[in-house]
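Read the numbers this way: they start at 1 and go in the same order the structure lists the ligands and their atoms.
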Amino acid sequence: MIKRVILLIGLLFCLTLGLKAQNRLATKRIEGVQYVSAQELAKLTGAEIFFELYLQKLVLKLGQRRLRLTPLSSVVVADDQPLNMPYPVRWIRGQIWVPAKYIGPALFILTQEDLAWDPSHSAFLRPPPSVNISGLEIKPKENGTLITLRLTKPLDYEVKEGGPDEIILLIRGGKPWKKGLTSIPTQGVIGGVTVSSENSLCRISFKLNRPNIKYKSYYRSTPPRIILSLWERGSSAPSQKENPLDVVVIDPGHGGKDPGAIGPGGTKEKDVVLKIALRLKELLRTRLKLKVILTREKDEFLPLSRRTQIANENNADLFLSIHANASRKRKIRGFEVFFLDYAKNDDARAIAAAENSAIRFESPLPSPQELSDLDFILLDMIQNEYHKESSELAGIMVKRLSSKLRIKGRGVDQAGFYVLNGAFMPAVLIEVAFISNPEDEKLLKQTWFQKKAAEALYEGIKEFKERYKGGG
Ligand SMILES: [Zn+2]
């Protein structure tokens with residue numbers, strides 16, 4: 001009898017182990033692509049899962065690290081790093097789904113663990129402990145491709161050309177996780193990866209999908225990894241450093257059915273801020289040769305969250321939202337520059353509330369419960385690494401606006417603006433003047449004033465670029 005019980009317990013134990021090892025996840029095929037649910041990812045990684053109601057983002061949180069998923073967006077943000085996938089996140093009957101094969105790099109940032117999707121078993125595999133080459137990442141860059149090979153300990157290696165369309169990495173004593181390395185999606189100039197080993201020499205071959213590719217390799221020790229940078233002859237190597245400032249997203253506030261504030265003379269905020277934004281775009285493009293994207297180029301409506309999304313999708317280095325202020329007190333005038341943080345006074349709180357009220361034009365309208373979650377979202381945002389840079393940028397902008405516009409400024413302030421929330425770059429909101437004040441309204445309508453305002457903002461960006469991004 002006892003024997004039988006032991007046998008039974010043993011059998012149950014084996015069964016549980018077997019199930020664990022297999023770790024099969026529920027998947028769904030959407031337009032031919034295998035998707036896995038965010039709930040399953042949370043279970044797999046041990047992450048907490050919650051929903052940022054206002055931003056309509058699902059967040060997986062593991063310790064201090066976060067992975068944010070936005071329905072219909074193919075950009076996922078892992079610990080402030082936007083990552084592009086070829087297929088979007090889906091939202092089906094209250095469940096969030098991600099393309100299983102492509103979520104690996106984001107999961108790595110969240111868990112610091114190499115995971116490779118195995119479509120035949122519908123499971124994420126982990127490298128066995130016997131390997132010392134545990135992961136591979138291929139990232140397309142603006143002008144090339146960056147390959148990172150993750151090691152568990154330092155290893156000697158050599159890079160050579162196998163032919164016009166092949167680059168080979170030879171690693172002495174390398175024990176590769178073959179299944180993992182060959183199952184990652186190929187991107188950029190890489191058309192395929194093969195891995196073999198012989199006499200303790202590991203050979204990783206990268207097939208290139210075009211000839212004339214130059215390469216350079218680097219070794220980095222913490223954590224140990226080999227980086228291979230590939231680029232086309234004639235262009236320069238893809239930058240490994242944080243990008244210098246070269247993409248700016250300018251957001252002219254309001255638009256379409258949302259006129260913004262309206263002056264006593266009938267001037268609409270949406271019209272003047274668009275004119276300033278268009279001028280600023282020209283200045284940045286022609287004088288600083290920056291890539292400039294406007295969230296809207298014409299009189300059209302755009303939800304608040306879409307504006308920062310445009311900045312994130314374009315990997316912007318700077319986000320500027322341009323507005324004109326309004327107050328019941330007609331006498332108040334002057335410009336003011338804000339960055340995102342808790343409001344410290346009622347004036348700032350009122351301005352943010354007025355700008356945030358643009359949300360009433362959005363459909364479906366978020367509920368009051370959802371709106372009150374902003375406190376929680378802000379808390380999250382304040383830890384953002386761009387907080388300090390945003391406040392510094394705001395300071396520079398105030399200085400430049402006062403010297404150019406020669407009207408009294410109200411300085412730098414902070415408040416909870418929805419439109420700045422979720423921007424993964426330095427971001428400020430500029431209130432150029434008070435459209436509710438008859439004199440300021442007159443100025444806002446003048447072409448010369450719009451030009452001066454654009455020039456002040458241009459100079460501010462130029463100074464910020466020189467000071468913080470090494471001139472680039
Ligand atoms: Zn506004």
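- Of all the N, O or S atoms in His254, the one closest to the Zn ion (ligand 1) is NE2.
- Salt-bridge annotation for Arg307 and Asp251: present, with a side-chain N of the basic residue lying under 4.0 Å from a carboxylate O of the acidic one.
- Aromatic ring centroids of Trp91 and Phe51 lie under 6.0 Å apart.
- Glu269 contributes OE2 as its N, O or S atom closest to the Zn ion (ligand 1).
- Paired with Gln34 under the rule side chain to side chain donor-acceptor pair (under 3.5 Å), one option of Trp97, Tyr87, Trp117 passes, and it is Trp117.
- When the N, O or S atoms of His323 are ranked by distance to the Zn ion (ligand 1), ND1 comes first.
- Comment: Arg296 does not engage Glu300 in a salt bridge, judged by the lack of any side-chain N to carboxylate O separation of less than 4.0 angstrom.
- No other N/O/S atom of Glu355 lies as close to the Zn ion (ligand 1) as OE1 does.
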